[in-house]
Amino acid sequence: MASFTVVVGDPETGTSHRFEADGQDANRFLGKSIGEEVDGGAVGLDGYTLEITGGSDDAGRPLNEGVAGSQLKEVLMTGRQSGYRPRRDGERRRITVRGREISDAAAQVNTTIVERGDVDVAELLDGDE
């Protein structure tokens, strides 16, 4: 059974909130790709819509938009990309990344709020923090 951490970024306030998703809630994320939208009810944000912006697996390898599926792949990186920051101009390096699809190997999923619900995020989280 899948379980991972979901980090929800709030672009209006610039804050982020961390939630644990397991069981049925985690299954709502499985099979989705970077850029797809998910119902916020999976993490307790009823009425909100979240967009998947990235993530990483249990070894810390980032999800990469350019790799289809959820498998590991070595990609030749040029320029600044997810999981790679070159130290000098023209530097290239082969980096192991995971595909853009969320699978049970994911340890963290990064999301951002796209559509807001009727209740403010601070009110929904008032009892949790």
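Along the sequence shown, the residues carry numbers beginning at 1.
- Residues Y84 and E91 are in side-chain contact: their nearest non-hydrogen atoms beyond the backbone lie under 4.5 Å apart.
- Here the side chains of L50 and E37 are not in contact, with every heavy-atom distance at 4.5 Å or above.
- For the pair E36 (side chain) and S33 (backbone), a donor-acceptor distance under 3.5 Å is present.
- The structure places CD1 of I102 at 10.5 Å from CD of Q108, a figure rounded to the nearest 0.5 Å.
- Taking 4.0 Å as the cut-off between side-chain N and carboxylate O, R116 and E12 count as a salt-bridged pair.
- Of all heavy-atom pairs between R28 and A42, the closest is NH1-N, 3.0 Å.
- Counting heavy atoms from C-beta on, the side chains of V97 and L63 never come closer than 4.5 Å.
- Under the 4.5 Å side-chain heavy-atom criterion for ILVMFWY residues, a single connected hydrophobic cluster contains both V8 and L30.
- Distance check: D57 CG to D104 CG gives 11.0 Å after rounding to the nearest 0.5 Å.
- In this structure, CD1 in I113 is found 7.5 Å from OG1 in T15, a value given to the nearest 0.5 Å.
- Taking OG1 of T96 as the reference point, atom CE of M77 lies at 9.0 Å (rounded to 0.5 Å).
- The shortest distance between side-chain heavy atoms of Y48 and V43 does not fall below 4.5 Å.
- No chain of hydrophobic side-chain contacts below 4.5 Å, direct or via other Ile, Leu, Val, Met, Phe, Trp or Tyr residues, connects V119 to V114.
- Counting only N and O atoms by type, the side chains of E20 and T5 include a donor and acceptor under 3.5 Å apart.
- Within 6.0 Å of CG on D58 lie more than 12 heavy atoms contributed by other residues, nucleotides or ligands.
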*Could you give me the CA-CA distance, side-chain angles and deciding distance for R61 and L72, then say whether side-chain contact (heavy atoms from CB on, under 4.5 Å) is met?*
CA-CA 9 Å; R61 293 179 288 249; L72 291 175; 3.3 Å; yes
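- Between T111 and V109, some side-chain heavy-atom pair lies under the 4.5 Å cut-off.
- Interatomic distance, OG of S70 versus CZ of R98, reported as 6.5 Å (0.5 Å rounding).
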_Evaluation steps, side-chain contact (heavy atoms from CB on, under 4.5 Å), between D39 and T49_ = CA-CA 5 Å; D39 179 35; T49 303; 5.6 Å; no
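- Distance check: R93 CZ to R85 CZ gives 11.0 Å after rounding to the nearest 0.5 Å.
- Between A21 and A26, the shortest heavy-atom contact is O-CB, 3.7 Å.
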